[in-house]
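Everything below concerns the one structure shown next.
Counting from 1, the numbers follow the sequence of the chain as shown. Because the structure is predicted, anything quoted here is derived from the model rather than measured.
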Amino acid sequence: MPSSHEPSDSRTSKSPPPKAKASSWGRSLSRFFLGGVGLVLAGLIGLAFFVAVALAVAYPNLPDISALQDYRPKLPLRIYTADGVLIGEYGEERRRLTPINEIPQVMKDAVLAIEDARFFSHGGVDYLGVLRAGLANLGRSKSQGASTITMQVARNVYLTAEKSYTRKIYEILLTFKLEHSLTKNQILEIYMNQIFLGNRSYGFAAASEAYFGKPLKDISIAEAAMLAGLPKAPSAYNPIVNPARARTRQLYIIERMEQNGFITAEQASAAKREELHVRNSRDAVRVHAEYVTETVRQLVFNQYGEETYTRGLNVYTTLRADDQTQAYKALRKGIMDYERRQVYRGPEKFIDLPSNPQAIEDAIDDALADNPDNGDVMSAIVLEASPRRIVAMRQNSETLTITGEGLRPAQSGLADKAGPNIKLRRGALIRVTKTPKNTWEITQLPEVEGAFVAMDPRDGSVRALVGGFDFEKNKFNHVTQAWRQPGSSFKPFIYSAALEKGFTPATVVNDAPLFFGAGVTGGQPWEPKNYDGNFEGPMSLRTALKKSKNLVSIRILQSIGPKFGQEWVTHFGFDADKHPAYLTMALGAGSVTPMQMVTGYSVFANGGYRVNPLLVTKITDQRGKVLLDSTPPPLSESMRGIDARNAFIMDSLLQEVARSGTAAKAQAQLKRPDIFGKTGTTNDSIDTWFVGFQPTLAAAVWMGYDTPKKLGDRETGGGLSLPIWITFMEHALKGVPVTEYEPPEGVTNVNGEWYYSEYARGAGIRSVGVSPNGAAGTDNPGAGENPAMPPSEERNRILDLFKN
């Protein structure tokens with residue numbers, strides 16, 4: 001039995017040797033590792049279960065994407081000129097659908113470089129991209145996103161902008177579904193046509209036109225890089241609004257293109273140096289055809305309803321871009337030339353300018369934003385004003401100085417005694433314009449309105465149409481909607497009627513006073529006058545028309561009968577009920593539109609055929625399928641309005657007006673004889689007209705106030721409307737050969753004058769005049785029946801014209 005002082009074995013069990021201790025730690029570590037693996041496996045199983053549940057619950061609820069296999073986005077209505085220039089676009093989304101094989105490679109490369117370089121190698125979710133973006137963001141490097149192009153398509157086409165885990169799950173699931181159902185090229189095509197890129201542009205083709213004014217196929221590397229920067233933040237990287245930020249992102253994208261091997265170092269260097277020409281807001285509409293496009297929009301909407309704005313319809317008009325631009329400029333110039341002669345009406349408004357320079361600029365920018373430029377009639381705020389100088393500021397702190405002749409239109413506003421409403425002083429909002437000498441001139445927005453329309457008289461196709469001074473200022477289309485008195489410009493239609501009743505250009509009618517009492521008029525007595533108040537006695541029809549003699553026109557209508565005159569004008573397209581059968585019709589007291597007038601004169605221009613105005617020639621859908629083809633038919637006898645010989649003799653008379661009459665400036669300035677037309681001025685100069693033609697082009701010009709009032713005592717059609725017509729024709733007739741009308745069958749020339757052949761025998765005695773004692777008679781008393789005159793019944797009616 002061991003003694004009590006011997007060591008006990010219990011110490012051995014309490015303190016195992018080192019080898020045993022290591023084995024214990026190993027077992028603990030193994031248990032921890034296995035537990036961790038178990039947790040991971042459990043997590044993976046749970047995740048798999050969660051995904052399975054998500055798939056089971058969410059996948060069946062994913063939207064049907066079969067429609068994307070035949071991708072048809074909302075496409076706007078687009079309106080073009082006959083020569084292919086885009087002049088109008090209507091729709092919520094400005095987009096030009098472009099197949100993937102028509103998108104230039106440089107554009108695709110730029111997008112892939114910045115948005116999804118591994119697009120063609122991943123399955124919809126770029127896991128490497130997710131990891132790289134996470135590391136970059138954690139490392140506070142340049143922030144990167146992980147959304148692939150497929151994910152963006154899923155989000156932009158089907159999902160909302162809501163930020164939540166649920167939406168993200170749907171986005172990923174939808175991404176897999178897209179990748180399974182569509183090819184990579186289909187997905188890329190949808191992306192490049194669907195994405196919003198600012199400036200109402202959807203897709204890169206629309207953006208190329210909006211920002212650079214060129215088709216996508218002509219894009220450069222530098223331009224492609226600029227556009228590729230837009231998807232991230234269209235407003236922040238808009239090159240029009242934020243050029244500096246857009247430039248920074250463009251340079252970064254060019255670097256990314258080089259890093260991904262899409263371009264060489266040399267190409268990258270050249271792209272960075274390339275100077276881009278970004279369109280500004282003034283360039284947005286290069287051809288001003290707003291009145292035309294609005295008319296077309298209404299016509300198309302009446303046919304297609306709301307599909308007008310989403311179906312991608314392309315409408316081709318008869319307009320010619322150059323002619324339309326020239327018509328717009330000519331009308332505005334004519335109106336502004338008139339405006340310079342008017343009394344200055346004062347500033348449009350006054351604003352309080354603070355003393356702080358920066359605050360001044362902000363206040364001016366705000367005021368000018370509410371009163372923007374009107375084309376070349378620009379707005380500015382006066383900073384300093386004195387009788388000799390005005391200093392004003394425009395947007396973006398542009399300062400201008402007006403002196404000398406530039407102050408003349410507003411002298412009344414600079415006078416010491418000027419009233420408070422017209423006084424030019426600090427804070428006044430004024431209008432300015434550039435002169436031909438490139439100096440500034442003060443002006444004002446006009447109150448007067450105008451209209452211009454030109455058409456090809458051979459088929460009725462409208463070549464140019466400007467319905468007013470400015471569409472944004474006044475959307476009323478004066479070409480088609482303004483019913484105004486035509487004045488003397490209507491006389492040719494009365495003369496044409498007279499030819500059918502036996503009158504000839506040589507027929508003499510007395511230009512002498514007339515008086516109609518109340519018993520005749522049924523109302524107020526009427527004593528018509530000539531424009532100049534003078535009477536010249538007996539004269540031929542040719543002379544009377546070129547001098548625009550009112551009394552002769554009245555006597556002619558009195559002879560042929562107002563009822564016949566009323567019926568005859570319908571041959572030219574006029575409404576009988578707009579021209580009551582009274583003698584005042586001879587002076588153009590009825591109602592017409594400028595479109596009716598140019599249509600009526602086209603009958604003279606084309607040899608007697610009545611053509612209908614034509615504005616739209618073709619409508620196609622987005623795939624080019626023709627939905628409407630309205631090519632004008634060739635002229636035929638079924639379209640005849642008046643006899644060819646009537647038209648020919650009227651052309652001779654109208655040519656005389658443009659050669660030596662009230663419109664003599666026309667041939668003199670255009671330096672060509674094939675110019676025909678007639679001026680028109682109504683009572684008190686309320687409306688002024690010129691309507692004329694060259695055999696290939698007819699045009700009408702009207703000026704007046706919307707609320708009728710006098711234009712001025714000395715304002716006439718020859719002074720106001722004719723210069724606009726000449727300005728347009730100087731451009732439109734360049735290179736057009738001089739055209740002479742061939743005499744049709746049934747007319748004969750005797751002693752330099754034209755007659756219907758049946759009246760040409762003995763045409764040397766060709767007029768009925770006034771005898772020396774003032775009684776009705778012939779130039780050759782006792783000569784008997786004049787063979788050049790119509791049958792006795794009509795002749796007697798003509799003789800009555802000379803009885804005073």
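- Note that the CD1 atom of I335 and the CG atom of L445 stand 11.5 Å from one another [nearest 0.5 Å].
- Between the side chain of D456 and the backbone N or O of L697, no donor-acceptor pair lies under 3.5 Å.
- With respect to E209 and R78, a salt bridge is recorded, a charged nitrogen being found less than 4.0 Å from a carboxylate O.
- Between T480 and Y291, the side chains place no donor N or O within less than 3.5 Å of an acceptor N or O (distance only, hydrogens not considered).
- Although no hydrogens or angles enter the test, the distance criterion places no donor-acceptor pair under 3.5 Å between the side chain of R672 and the main chain of Q667.
- Side chain of S721 to main chain of T688: a donor-acceptor pair is present (N/O by atom type, distance under 3.5 Å, no hydrogens or angles).
- Among residue pairs with one or both ends in residues 400-412, those qualifying as salt bridge (charged side-chain N to carboxylate O under 4.0 Å, His left out) are E405-R408; sequence neighbours excluded.
- Inspection of the N374 and R332 side chains reveals an N or O donor paired with an N or O acceptor under 3.5 Å.
- Salt-bridge annotation for D376 and K329: absent, with no side-chain N of the basic residue lying under 4.0 Å from a carboxylate O of the acidic one.
- Judged by distance alone, with hydrogens and angles left aside, the side-chain atoms of N530 form a donor-acceptor pair with the main-chain N or O of N534 at under 3.5 Å.
- Within the structure, the side-chain hydrogen bond (donor to acceptor under 3.5 Å, both in side chains) test picks out the following pairs touching residues 357-368 (sequence neighbours left out): Q358-D362, E361-S397.
- No donor-acceptor pair under 3.5 Å is formed between the side chain of Q669 and the backbone N or O of T727.
- At distances below 3.5 Å, not a single donor-acceptor pair connects side-chain atoms of K546 with backbone N or O atoms of R659.
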**Request:** Any chance you could lay out the salt bridge (Lys or Arg N to Asp or Glu O under 4.0 Å) test for E89 and R200, step after step, and finish with the verdict?
**Result:** CA-CA 11 Å; E89 201 168 27; R200 285 184 50 235; 5.4 Å; no
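- Looking at residues two or more places apart in sequence or on another chain, you find a side chain to side chain donor-acceptor pair (under 3.5 Å) between W702 and D687.
- For the ring-ring contact (aromatic ring centres under 6.0 Å, His included) criterion with H579, the lone passing option out of F493, F490, W483 is F490.
- Looking at V598, V691, V292 one by one, the single match for side-chain contact (heavy atoms from CB on, under 4.5 Å) with V453 turns out to be V598.
- When each of L720, L711, T662, T716 is checked for a side-chain contact (heavy atoms from CB on, under 4.5 Å) with T681, only T716 meets the rule.
- Judged purely by distance below 3.5 Å, without hydrogens or angles, the side chains of D83 and T81 pair a donor atom with an acceptor atom.
- Using a 4.0 Å cut-off between charged nitrogen and carboxylate oxygen, E339 and R345 count as a salt-bridge pair.
- At least one donor-acceptor pair under 3.5 Å links the side chain of E449 to the backbone N or O of F469.
- Salt-bridge annotation for R341 and E715: present, with a side-chain N of the basic residue lying under 4.0 Å from a carboxylate O of the acidic one.
- Atoms CD1 and OG1, from I402 and T435 in turn, are 11.0 Å apart once rounded to the nearest 0.5 Å.
- Remark: the E290 side chain and the H288 side chain contain an N/O donor-acceptor pair separated by less than 3.5 Å.
- Here K475 does not pair with E294 in a salt bridge; the nearest charged N to carboxylate O distance is not below 4.0 Å.
- Relative orientation of the F676 and F693 rings is parallel, given thresholds of 30° and 60° on the angle between their planes.
- One distance of note links NZ of K678 with OH of Y601; it measures 7.0 Å at 0.5 Å rounding.
- D470 contributes atom CG, which lies 11.0 Å from atom CG of L331 (distance to the nearest 0.5 angstrom).
- Without hydrogens or angle criteria, Q694 side chain to T696 main chain gives a donor-acceptor distance under 3.5 Å.
- Judged by distance alone, the side chain of Q324 and the main-chain N or O of L465 form a donor-acceptor pair under 3.5 Å.
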